[in-house]
Structure formats: C-alpha cells, structure tokens
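Here's the structure, in structure tokens; my notes come after.
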2 protein chains.
Amino acid sequence: MTDTELLRAEGLRVTAPRLAVLEAVGAAPHATADQILTAVRRELPGVSVQGVYDVLHALTDAGLLRCIEPAGHPARYERRTGDNHHHVVCRECGALDDVDCAVGHAPCLTPSTTHGFSVDLAEVTYWGLCPGCRTARDATA
Amino acid sequence: MTDTELLRAEGLRVTAPRLAVLEAVGAAPHATADQILTAVRRELPGVSVQGVYDVLHALTDAGLLRCIEPAGHPARYERRTGDNHHHVVCRECGALDDVDCAVGHAPCLTPSTTHGFSVDLAEVTYWGLCPGCRTARDATA
DNA sequence: CAGTAAACTTGAATCAATCAAGTTTAGGGC
DNA sequence: GCCCTAAACTTGATTGATTCAAGTTTACTG
C-alpha cells in the first residue's frame, strides 16, 4: 500500500507535508519532531514547525505513526508496524532502539489490579546505557 | 527509621526543606513537584522553587524517592518502597495509580536483544482511562 | 468548477524544568 | 561551644519542546 493509499484509508487528506513526514519517519525511525522537520524541509522548504506537529498528531491519532516519549527526552516517532515491540533508552544520550517482546507471548500486559482504570496499552521501557556511552563512562572512571 | 535517620544513612544533610519534602511525598504519593512545593510552603513559606527541585533530585539520586515521568504530564514522586511495582496512567487527566507486578516474578524484564545496551531497569506503564474520565466520556458519546 | 472544512502559515505564549550567581547553614574539627 | 567550608538554599532569568491563536491556503465533495 502506498503512503497516499494509507492516508486515504484512514480518511485523511493527502497533502505534501503528510507524505513527506511519512517518508522521513520511514527513512529515519525514532526521529524527533525536530529531525523530522529538518528532513521534510529538504524537500519542502516552506513547511512550518506547527505544520509538522499538526501532521505528527494527525498521523499518530490515525494510527499510522507511533509516538514514543522517553522521560527527559523529546518525543520520537516511528511508523506503526503493528507488531508489539518495546524500547531500550540510553540514560546518558537518549539513544533509542527496538526490543522485541521477550518470549513470544506478551507478559506483564495484564496487570493484577487496575483500580478501575480501563487499560488499553502496556508500555515497556528498558533503561540503561548504550554501547557508546558505556565506553565513554568506563574511560573516565 | 525516622526521616532524619534516613537522610543521615545516605550521608545527606538534614535540613528543614528535605524533611518537609519527605513528609509531603509520604502524605500525598504521586504528587507533582508543584503540589509538593505547595504542601511544603504550608509549613515553610520561604522555600523556593529551585530549592524543592534540588531536594527532589538529591533524594531521588540517594534512592529515597522515585521519580515517575508519564509522557505528556509533569513528573511525579513517590517514596521508594523497594517493591517492584508499576503504574497505570489515565490518558485523559493524568491520574496515576500503583499496579503490582503481575504474577509474582518480574516478566518482560529480560529483553531478548538489547543492541549492546546494558539495561539496569525495566519500566512498565499501563495507559488507559481512569473511572472518572471513562464515565465522562460515556456521557458525551 | 465553486464551496467548505480541513490543513496549513506566521507569530506569540506556555509550562515544566534548569542555569547562573550569590547567600545561608549544617555538621565536622579545634 | 565556636569556626570553617562544602553543601544546601535563595533570587531572578532562561531554556526548549510543545501548544495556542488568528488568519490564509488547499484538497476533496457535489
């Protein structure tokens, strides 16, 4: 399915900024809004900051993009692939990578007590150090 | 162990703002920095914004407090109880509650592949709607 | 091909949190 | 008990990601 068809399937208008954002996120997964803005402007120089944020929200609401917001770092976006994977984040530099869900079935996704909350998503974030920052820390220690 | 002893045990100085913050967080778990500031000022009117942030960071680093940062909402703090529990967050109003880790042992905490990251913490966040917001949504739907 | 609501632009504002620089104070040493 | 010094605090300004507000353009419906 082309990006145009994807947008149409969700009942969204097909515009140049939207196509450019989809392409940019596809080319650079886990990009920040700022990086996406830069990438989009390489093809469409006139696009505004607000425009990119609007597009990101619209596409996220439609389920075409997934938004990841690691504590203490700007939000990142990836194309929704439908699979249930999680993320590992570097405490030092904010580097982010995908982590497949451990051992087949999704554990931890049915909490014991939810205090009356209706849960629709369980999100797992692994915190640690990326290889680069670990090396740097060893060097100074 | 008293709060004073807790601070001493971590090699931290015992000051009025620190004791007040510990007490405030104990009385109102999952409070935001702003709420903690307000609570602390009821007893110590002169305490500054920066002072509370400094204390929160110092106590968090020392392991006396735990900081929770739900995406799109200000950070919240709780007293470190040592147990491994997670959190459920309301998408609508940001309400937050504790969730015991499902079924005894900690699942999902050993990711399959970590791309060379050294992981030291696995964090699980459940997203959904709190009872209040669910009722409100049903009423308008 | 015209009408309209959605999508965009510009420009200013918000909010949590942090930085910078100077002052106070807790607690070890005399 | 009283200095001394680093840690802890205060005031005041600033950052940075994101959002609000108001007006203009543009993709799709009829």
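Numbered from 1 within each chain, the chains take letters A, B, ... in sequence-line order.
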*4.5 Å side-chain heavy-atom contact, B:Arg66 and B:Val25*: no
*asked:* Using side-chain heavy atoms (C-beta onward) and a distance below 4.5 Å, is A:Arg18 in contact with A:Leu22?
replied: no
*Between protein and nucleotides 24-30 of chain C, map the contacts as a letter string: B base, S sugar-phosphate only, - none, heavy atoms under 4.0 Å, written 5' to 3'.*
-BBS---
*asked:* Looking at A:His57, I'd like to know whether one of its side-chain N or O atoms comes within less than 4.0 Å of OP1 or OP2 on D:dT18.
replied: no
*Taking CG from A:Leu56 and P from D:dA17, how many angstroms apart are they, rounded to a whole number?*
14 Å
*Sequence-distant partners of A:Glu69, side-chain contact (heavy atoms from CB on, under 4.5 Å), two or more places apart*: A:Cys67, A:Ala75, B:Ala71
*For residues B:Leu59 and B:Leu7, determine if any side-chain heavy atom of one lies less than 4.5 Å from a side-chain heavy atom of the other.*
yes
*Is the closest side-chain donor-acceptor distance between A:His86 and B:Glu123 under 3.5 Å?*
no
*Quick one: on DNA chain C, does B:Arg76 or A:Gln50 contact a more 5' nucleotide (nearest heavy atom)?*
A:Gln50
*Tell me which of B:Ala75 and A:Val52 sits closer to the 5' end of DNA chain C, going by the nucleotide each one is nearest to.*
A:Val52
*To the nearest Å, how far apart are A:Leu19 CG and D:dT26 P?*
16 Å
*For B:Val55, which contact category applies under a 4.0 Å heavy-atom criterion: base, sugar-phosphate, or nothing?*
sugar-phosphate
*Hey, does the side chain of B:Gln35 reach the backbone of B:Thr32 with a donor-acceptor pair shorter than 3.5 angstrom?*
yes
*Could you state the atom-to-atom distance from OH of A:Tyr53 to C1' of D:dG16 in whole Å?*
9 Å
*A:Arg18 CZ - C:dT9 C1' separation (whole Å)*: 15 Å
*When all nucleic acid strands are considered with a 4.0 Å heavy-atom cut-off, which category describes B:Ala58: base, sugar-phosphate, or nothing?*
nothing
*Please, which pairs that meet ring pair (Phe, Tyr, Trp, His ring centres under 6.0 Å) have at least one residue in residues 4-50 of chain B, sequence neighbours excluded?*
B:His30-B:His87
*Is it true that B:Tyr77 and B:Leu19 fall in one hydrophobic cluster, defined by side-chain heavy atoms closer than 4.5 Å?*
yes
_Can you give me the bend angle of the helix from C:dC1-D:dG30 to C:dC30-D:dG1? Use the axis through the first five pairs and the one through the last five, nearest 10 degrees._
40°
*Excluding sequence neighbours, so at least two apart, what forms salt bridge (charged side-chain N to carboxylate O under 4.0 Å, His left out) with B:Glu43?*
none
*Calculate the interatomic distance between A:Glu69 atom CD and C:dA17 atom P; express it in whole Å.*
13 Å
*Minimum-distance nucleotide (side-chain atoms of A:Asp54 versus D:dC9, C:dT9, D:dA17)*: C:dT9
*asked:* So does A:Gly116 get a backbone contact from the side chain of B:Arg134, meaning a donor-acceptor N/O pair under 3.5 Å?
replied: yes
_Strand-adjacent residues in residues 20-48 of chain B, judged by heavy atoms under 4.0 Å from DNA chain D_ = B:Gly46, B:Val47, B:Ser48
*To the nearest angstrom, how far is A:His73 atom NE2 from C:dA17 atom C1'?*
14 Å
*With a 4.5 Å heavy-atom cut-off, do B:Phe117 and A:Asp97 have their side chains touching?*
yes
